[in-house]
Each structure stands twice: as structure tokens, then as C-alpha cells.
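Each ligand, and each atom within it, is numbered from 1 in the order the structure gives.
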Amino acid sequence: MAGKSILQKLAILADAAKYDASCASSGTVRRDSTATKGIGSTEGMGICHSYAPDGRCISLLKILLTNFCVYDCRFCINRASSNVARARFDPQEVVRLTLDFYKRNYIEGLFLSSGIIRSEDYTMEQLVEVARLLREEHRFQGYIHLKTIAGADPALIALAGIYADRLSTNVELPTEAGLASFAPEKKPGVIRKTMASVRTREADVLDAAKGRLIGKAPPPRFAPAGQSTQMIVGADAATDADIVGKASRLYDNFRLRRVYYSAFSPIPDASAVLPLKRPPLIREHRLYQSDWLMRFYGYKPTEVMQATEADGNLPLDIDPKLAWALKFRDSFPVDVNRATKEQLLRVPGLGVKAVHKILASRRHRTLRLDDVARLTQSITKVRPFICTVDWRPTLLTDRADLRTMLAPKTEQLELFAA
Ligand code: SF4
């Protein structure tokens, strides 16, 4: 490490961070520095580039504090036994980089993670110090996402939440068996405890906020964009049903804002226990769609699991909402002019916005098929599952070849039309 320039370190530590997908700057409070004479904003536009291995663009300076690590997680390029170039920033260097990039309008914030050096507490202290320097000494108002180190002292996690917009603790793999064989030093109970400490702190701040309403002191700030996590998909044998079940428990138990699914990316110098090929990217996409079904469409985890095939995985050729509808055809067709919101949300091809528009429009008039067609990208997908004043699908809903008729002819991503 000695003798590396800051740019050489940046090259190593930005590259090392690209395997983590658990960052996004949505959901935080709006701030800018006009009034504070500080610097930064969570709202501004910027040329902000950080790339995941599959090419997705993430608009944060996304780096590791260090890629030295005492752990040896098999799926990780930074594991202790990996033969990669190593580097380490000190907190002041990260601060300088963040401010320089911000002032040049390259980024809108910082995503900072780290390999584990010396101990979990020491590593967490270093991460917190970066955020503290940015917020307290430079009055930085941009977005900060800090990785929390599982097993670190809850007092450090509480401090991290004062400075960061979002905290995230990666669960890494969907099953405890997977974690035991691929990341033996990571203990599920320790990860849960760290997530619980974030959750508890969030709840305390919420209580304090309620107290404020009855005249007590204003509550401290704590990770206003909440906590998130990442699960690696396709490194172990976990099925989509396992992953959906795990995500649902995480949402319920820790009130996570987001679970990120990251298709396993083969890494250089990989452990022999890992698959040689990455899973199809569409699998990651289907999991994101299933996540939306649970969060915005009212599906229970067990219902999403019903959409899986005999091997426990979601179909790749059609989205999970269509897969569910094809399995439960007796729930259709629904009458667009009478159905409840919950029933309409189950119709393949009708998104949340379209359903709201239907509910608003039908207060004034009776809807025809053309009215629905104007609200959706594909009326072909919708028609077998609805009836309107001028349309009934009759035998269409029960046709044996309906799946073939509705499956996209070429692979396409239609997340928001679920
Ligand atoms: S703890 Fe595991 S996943 Fe994290 S940097 Fe170290 S080896 Fe990689």
C-alpha cells in the first residue's frame, strides 16, 4: 500500500466496490446547502458515474475504504486469500475525494463500504469518521450511504446513522446454509443483530419525534433513507422461493427500505466452489418484479412463491404477476367497472398508476376496452383477464396456449408494467 498515489488507490478501491449493488439515493430527506453555507445537495443534478459489473450506472462515488479484509468470503474478490492489488484510504483522503468530485459535479453523494481490517469496531469507526468529517467539518449536505459492519458496537451504528442517509448491512446469501459454506466468518445471528440495532434506533427516533409533538426536545437525525441489504443470487443453490421468503422476513423484521438482488458475477481468481457462469440477468430482474408485487401490489410472499415453477424458481420467459395469474385463472376475468383495487392490481399488464386511473375514471363513466387500452402498454396481455362493458374474454382466459400467446417473443424487461 505504501507509496500508492491517491489516484492509484482510487482505481483499486472503486473497482473493488463495483460488486456491491446495494446503493441508491432515493428516499432520503431533501436538503441543500443554500442556507447553511455548507456544500452539497441531495437534489442536485450531477455527472455521477459508478458502474456495477453488468453496466448499470450508479450516481454516487462508490468506493471501499480498503479492500484489505481479514474475512475470506468465497464469492468476494477482496477476500483474504484473493490475489488482488490492495489499497487503503485514510478517512481524510475519502473526504477530499468526495468533496473534489462533488465540486466538479461528478457525483451527488458517497457510497462507502470496506473490507474488515483489525476488527469490526475499528472498521466501523473509520467509516463513521469519514461521514463525521464530511458532515461536521465540511458541512456536506450530499447523500451518504454507509455500509454497516455486522458485529460492530451498536453505539457506532447509532453514530453512523446520525451522519448517513442510508445504512446497509448485507445478508449476502439467502440461506444460512449458503452463508455457512460461502462466508463462514459471517454469522447470521450477528447480521440480524446489527440490522436490529438499526431498526431499534429508527424506532427510538420515531418515538422521540412523536414526543416532540407534545413539547419535548427535537429528535436526533437517524438514517432518514432507512436501511437496505443485498442478496447475491445464483452463487449458491438457493431458489427464488428461498430468496422471496428471506426478503419478506427481512422487510417484516427490520423494516428495510430495499432489498437489492445482485446476480452473482464471476470474479477473477475465483474460489473453486463458485459457479463458473453468472445466472441470467433476467433472473435478477424477475426477483425485483416479485419484490414489487409484495411491496406495491398486495401479494403475500406465499403468493409470489406460488408463481414459481417446480424447481422453486420464477419463470424467466414471463413476469411473476402473469405467472401467478395463469396459475389462478379462476380469479379472472375481473370486471374493470366493478372490481376492487386489490383485484385490479392482480391483472397482468395493469400497473399501479393504471389502476388508479381506472378507479378515478369509472366514477364518471362506464369503461370500455379502448379506455383500458389507453392506460396500458399491452392490451393483449390485459384482455384475457378483464371484462368491460363491451368485452368479455369468454374462452380466452382458459386457453391452454395462453402462456405461449402472452410470453414476450423476445426477451424484454417490463418491470413497471407488472
Ligand atoms: S467481509 Fe467478506 S464480503 Fe466483505 S470484503 Fe471481506 S471477504 Fe469481502
Side-chain angles (χ1 to χ4, degrees), residues 1 9-23 50 52-53 62-89 94 110-128 130 145-153 156-157 160 167-195 198 227-236 238 246 259-275 278:
M1 174 183 69
K9 292 183 194 180
L10 182 61
I12 293 170
L13 294 171
D15 190 66
K18 70 186 179 185
Y19 295 92
D20 195 320
S22 64
C23 55
S50 179
K62 181 180 177 184
I63 50 174
L64 300 187
L65 191 66
T66 178
N67 65 341
F68 286 97
C69 191
V70 294
Y71 283 21
D72 202 39
C73 308
R74 310 280 187 267
F75 50 79
C76 179
I77 192 160
N78 304 315
R79 68 192 187 281
S81 63
S82 174
N83 183 25
V84 289
R86 306 275 178 177
R88 177 179 167 186
F89 283 128
V94 177
L110 171 69
F111 172 90
L112 186 63
S113 183
S114 183
I116 297 170
I117 38 172
R118 290 198 213 170
S119 69
E120 291 79 1
D121 280 350
Y122 177 77
T123 310
M124 196 69 232
E125 276 169 21
Q126 297 281 297
L127 294 172
V128 170
V130 171
H145 178 158
L146 283 189
K147 187 67 68 179
T148 49
I149 305 297
D153 188 328
L156 286 167
I157 307 288
L167 298 175
S168 62
T169 315
N170 285 356
V171 295
E172 311 290 12
L173 292 162
T175 65
E176 298 201 354
L179 204 62
S181 42
F182 287 84
E185 288 115 332
K186 295 205 169 194
K187 305 295 176 207
V190 173
I191 295 171
R192 283 196 295 272
K193 220 166 146 188
T194 300
M195 288 179 145
V198 174
Q227 65 170 325
S228 61
T229 193
Q230 167 180 274
M231 267 191 274
I232 299 168
V233 175
D236 65 353
K246 177 76 177 185
V259 175
Y260 292 91
Y261 307 96
S262 180
F264 164 71
S265 237
I267 51 173
D269 193 26
S271 159
V273 297
L274 290 171
R278 66 174 299 154

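Ser114 pairs with exactly one of Ile63, Leu146, Leu65 by the side-chain contact (heavy atoms from CB on, under 4.5 Å) rule, that one being Leu65. Of the options Asn170, Thr169, Thr194, a side-chain hydrogen bond (donor to acceptor under 3.5 Å, both in side chains) to Thr148 is made by Thr169 and by none of the others.
Annotation: protein N, O or S atoms under 2.8 Å of atom 2 (Fe) of ligand 1 (waters excluded) comprise Cys73 SG.
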Using the side chain to side chain contact (heavy atoms under 4.5 Å, CB included) rule, take Arg86 and Lys9 through it: C-alpha gap first, then chi angles, then the decisive distance, then the call. CA-CA 8 Å; Arg86 306 275 178 177; Lys9 292 183 194 180; over 6 Å; no
Show your reasoning for whether side chain to side chain contact (heavy atoms under 4.5 Å, CB included) applies to Glu125 and Leu156. CA-CA 7 Å; Glu125 276 169 21; Leu156 286 167; 3.6 Å; yes
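Using modelled atom types and a 3.5 Å distance limit, the side chains of Ser168 and Thr229 yield no donor-acceptor pair.
Under 4.0 Å is where a charged nitrogen must lie from a carboxylate oxygen, and between Arg192 and Glu176 at least one such pair does.
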